[in-house]
Amino acid sequence: MIPSKQTAIAAGNAAIPPVPADTMQSYEGFRAVDRMSTAQRARWSGGMSPAALALALFDWSMHLAIAPGKQMELAFKAHEKSTRLLSCLMASAVDPATPPCIEALPGDYRFTGDDWNRPPFSLWSQAFLLQQQWWHNVTHGVPGVSPHHEDVVSFGARQALDVFSPSNHPLTNPEVIDKAVETAGMNFVRGLHNWFEDVGRLATKRPPVGTEDFVVGKDVAVTPGKVVHRNALIELIQYAPTTESVFAEPVLVVPAWIMKYYILDLSPHNSLIRYLVGKGHTVFCVSWRNPTAVDRDLDMDDYRRLGVMEALDAVNAIVPGSKVHATGYCLGGTLLSIAAAAMACRGDDRLASLTLLAAQTDFTEPGELALFIDDSQMHYLASMMWNRGFLSADQMAGAFQMLRSNDLVWSRRVREYLMGERAPMIDLMAWNADSTRMPYRMHTEYLQRLYLDNELAAGRFLVEGRPAALQNIRVPVFAVGTERDHVAPWRSVYKIHYLVDGDVSFVLTSGGHNAGIVSEPGRTRRRYRVGTRHRADLCLGADEWVRHAETRQGSWWVEWVEWLAARSGERVAPPSTMGTARRGYRPIDDAPGTYVLQR
């Protein structure tokens with residue numbers, strides 16, 4: 001009798017002895033050697049994986065080398081652009097009012113101003129822009145190159161080109177030259193002083209100049225309230241009512257753990273939390289603890305349980321019998337989506353609505369941050385975090401600055417070191433300097449499961465053994481995207497339409513990831529688009545939605561508060577005290593608490 005295939009396999013497996021535990025530990029020792037080696041290399045590479053960069057460069061260069069058609073196209077475009085520049089030069093010699101042969105891209109303000117319209121500066125700026133355009137052609141459209149490697153090579157080319165921009169050098173920047181003439185060179189003296197001051201602060205790990213004018217609890221994060229719950233990961237703040245009556249259903253705000261919560265409670269005039277309280281809402285906000293190396297093993301489920309779910313339990317105890325309007329910002333919105341999906345799967349109906357501010361739930365198009373996230377780069381990041389126990393704030397800040405190097409690096413250096421002028425510090429910039437860390441296990445899991453594997457959108461993200469399916473969310477959703485978001489591109493945020501079956505109100509507002517959200521009423525030139533897809537409506541694509549959405553002037557805060565008011569029940573008398581001692585949530589500290597002060 002011939003044994004079956006399954007029997008043979010089972011017999012073969014039975015003959016294989018189990019691997020001893022000490023052998024498995026020795027294998028883990030090999031992995032530890034790899035991690036330590038990688039972490040050491042990362043110190044010299046700024047956290048970037050040389051292998052990832054080399055693979056991208058090899059992919060692009062090899063495919064370009066075997067693409068004669070692309071090579072001929074680039075040669076033709078080089079000749080065409082040289083001819084355009086020469087023709088413009090000859091025309092401007094005859095008529096100085098000749099318009100430039102190329103305009104800067106939208107958002108590129110390096111060559112604005114009348115000084116850049118006079119020769120030879122006009123020639124240098126146009127030559128640079130033409131060269132920049134040609135290199136875009138060089139790094140894009142090469143047959144056979146993977147999209148990710150194309151993006152990496154293009155990004156690297158832009159970074160290299162920006163070094164040689166005429167705006168970044170004192171002898172080719174007319175504004176710097178004029179400033180030097182005006183001040184008899186004192187701008188360079190002041191610039192050198194600014195540079196020494198910045199280097200000194202960086203070496204001693206002090207915040208940038210001017211941040212001392214924005215003290216947490218004194219100048220920012222000053223909305224009155226009490227810490228009513230504290231655990232190893234969060235403090236929950238309840239804000240004191242300021243109106244004669246409040247809506248029956250409270251609001252719970254979950255900010256991202258990558259930032260201090262008070263971006264939503266900056267100065268009194270631009271505090272979203274103060275604005276909500278002033279409109280009659282009972283507001284609770286999570287303040288995350290700043291993790292250290294001892295917190296290295298905190299994972300995403302710890303953040304869900306100790307963060308979102310414990311906060312929700314506290315809110316339900318303090319405001320019993322009322323559903324909660326949950327609001328999440330950035331990563332906090334992603335975590336809140338996971339928690340809401342898990343609750344829906346278990347029949348937990350404590351949420352009245354879900355608001356997502358610049359928060360992604362589908363990571364197939366995460367924007368330029370994807371440049372720093374692939375399997376090779378992930379190994380580098382994981383090794384760095386494994387070695388230190390966390391991802392430090394300066395490592396994250398470096399990546400964000402590279403994405404907007406013109407705005408955040410070069411323009412600042414020109415202004416402060418060449419022009420000798422300090423930009424005035426504002427509350428949003430001071431908050432940005434007050435950064436946080438992220439624990440090793442949680443951030444590794446977040447990048448792997450969401451960015452690389454996209455488990456949440458695919459329905460594979462498990463919570464307590466069951467998938468957190470966003471399709472089970474039935475409560476109304478209010479989602480906000482920002483037009484110039486480099487962290488959570490608005491088209492990625494818009495994909496919540498494809499993942500939930502309930503009503504979705506979507507707002508696309510002017511501004512970026514932070515300034516677009518901190519957009520208080522009364523600011524000029526603010527606008528937003530808004531549209532609602534009801535459950536029975538057809539789902540539009542992002543670009544089609546833009547064409548149909550209504551454009552309104554002003555702050556989206558007004559739109560959201562009206563949306564909340566229509567869904568928050570009747571108005572009742574405000575609570576006489578903060579927390580509820582009877583249920584174990586007595587006031588512990590005054591807002592803003594202690595976790596937000598941790599360095």
Side-chain angles (χ1 to χ4, degrees), residues 28 31-32 34-36 38-40 42-43 47 49 205 229-236 254-263 285-311 328-339 342 359-360 363 366 369 372-373 375 377-400 432 434-453 455-456 461-464 468 487 593-599:
E28 182 58 31
R31 304 289 81 77
D34 287 340
R35 292 192 183 105
M36 286 188 289
T38 303
Q40 290 301 315
R43 294 178 60 185
S49 168
K205 299 184 185 296
H229 177 60
R230 177 186 293 146
N231 61 27
L233 193 56
I234 69 163
E235 289 179 332
L236 181 67
V254 182
W257 53 86
I258 197 175
M259 57 179 71
K260 298 289 182 73
Y261 86 89
Y262 67 90
I263 185 175
C285 185
V286 168
S287 174
W288 297 100
R289 180 170 173 265
N290 198 359
T292 62
V294 300
D295 304 305
R296 61 181 299 122
D297 289 325
L298 288 172
D299 60 17
M300 284 197 67
D301 202 56
D302 291 324
Y303 273 70
R304 181 190 66 87
R305 290 184 303 101
L306 299 177
V308 177
M309 301 312 297
E310 278 206 19
Y329 181 23
C330 188
L331 304 186
T334 304
L335 182 67
L336 186 58
S337 300
I338 294 170
Q360 298 179 90
F363 290 81
L369 272 181
F372 305 104
I373 304 172
D375 291 303
Q377 187 62 51
M378 182 66 198
H379 172 62
Y380 252 67
L381 282 174
S383 297
M384 291 164 57
M385 291 186 288
W386 174 86
N387 188 52
R388 302 181 65 180
F390 55 82
L391 183 67
S392 64
D394 57 338
Q395 292 165 334
M396 292 183 289
F400 290 132
N432 191 58
D434 189 9
S435 49
T436 59
R437 297 173 290 272
M438 289 189 287
Y440 155 66
R441 187 174 299 279
M442 183 279 300
H443 197 52
T444 301
E445 187 179 5
Y446 171 77
L447 293 177
Q448 182 68 49
R449 298 181 66 183
L450 296 180
Y451 266 92
L452 284 180
D453 298 338
E455 290 184 9
L456 182 58
F461 194 99
L462 300 182
V463 174
E464 297 176 351
V487 179
T594 59
Y595 283 179
V596 74
L597 303 177
Q598 293 174 335
R599 300 297 180 193

Set of residues satisfying side-chain hydrogen bond (donor to acceptor under 3.5 Å, both in side chains) with respect to Arg304, sequence neighbours excluded: Asp301, Glu464

Check ring pair (Phe, Tyr, Trp, His ring centres under 6.0 Å) between Tyr329 and all other residues, then give those that pass, not counting sequence neighbours. His513

Check this for me, if you would: do Arg437 and Asp295 make a salt bridge, where the nitrogen-to-carboxylate-oxygen distance has to be below 4.0 angstrom? no

Supply the atom-to-atom distance Leu233 CG to Arg305 CZ, rounded to the nearest 0.5 angstrom. 9.5 Å

side-chain hydrogen bond (donor to acceptor under 3.5 Å, both in side chains) with Tyr262: which residues, sequence neighbours excluded? Asp434

CE-CG distance between Met442 and Leu331, expressed to the nearest 0.5 angstrom: 7.5 Å

Would the distance check show the side chain of Arg296 and the main-chain N or O of Trp386 forming a donor-acceptor pair, the cut-off being under 3.5 Å? yes

If you define the side chain from C-beta out and look only at heavy atoms, does anything of Thr38 sit under 4.5 Å from Arg35? no

Hits for ring pair (Phe, Tyr, Trp, His ring centres under 6.0 Å) against Phe461, two or more places apart or cross-chain, chain-then-number order -> none

Report the distance from atom CG of Leu391 to atom NE2 of His443, rounding to the nearest 0.5 Å. 5.0 Å

For the residue pair Gln360 and Pro366, establish whether any side-chain heavy-atom pair is separated by less than 4.5 Å. yes

Taking all atoms of both residues into account, what is the closest heavy-atom pair of Arg388 and Ala293, and its distance? O-CB, 3.5 Å

Pairing residues for Thr444 by the side-chain hydrogen bond (donor to acceptor under 3.5 Å, both in side chains) criterion, not counting sequence neighbours: none

Would you say the side chain of Tyr303 lies within less than 4.5 Å of the side chain of Leu298, judging by non-hydrogen atoms? yes

Nearest heavy atoms of Leu456 and Ala468, plus distance in Å: CD1-O, 3.7 Å

Measure the shortest side-chain to side-chain distance between Ile338 and Met300 over non-hydrogen atoms and say whether it is less than 4.5 angstrom. yes

Looking only at heavy atoms, what is the nearest atom pair of Gly333 and Ala359, with distance? CA-CB, 3.7 Å

Spatial distance of atom CD1 (Ile373) from atom CD (Gln448) [nearest 0.5 Å]: 10.5 Å

Sub-3.5 Å donor-acceptor pair from the side chain of Thr436 to the main-chain atoms of Ile258, do we have one? yes

What distance separates Arg289 CZ from Leu306 CG, expressed to the nearest 0.5 Å? 11.0 Å

How about Met438 and Trp288: do any of their side-chain heavy atoms sit closer than 4.5 Å? no

Heavy atoms of Glu445 and Arg449 approach each other most closely as OE2-NH1, 2.5 Å

Partners passing side-chain hydrogen bond (donor to acceptor under 3.5 Å, both in side chains) against Asp297 (at least two apart in sequence or in another chain): Arg441

CG of Asn290 to OG of Ser435, rounded to nearest 0.5 Å, is 8.0 Å

Can you find a heavy atom in the side chain of Pro291 that is under 4.5 Å from one in the side chain of Phe390? no

What pair of heavy atoms forms the shortest contact from Ser287 to Tyr595, and how long is it? O-CD1, 3.8 Å

Might you point out which heavy atoms bring Gln377 and Phe372 nearest each other, and give the distance in Å? CG-O, 2.7 Å

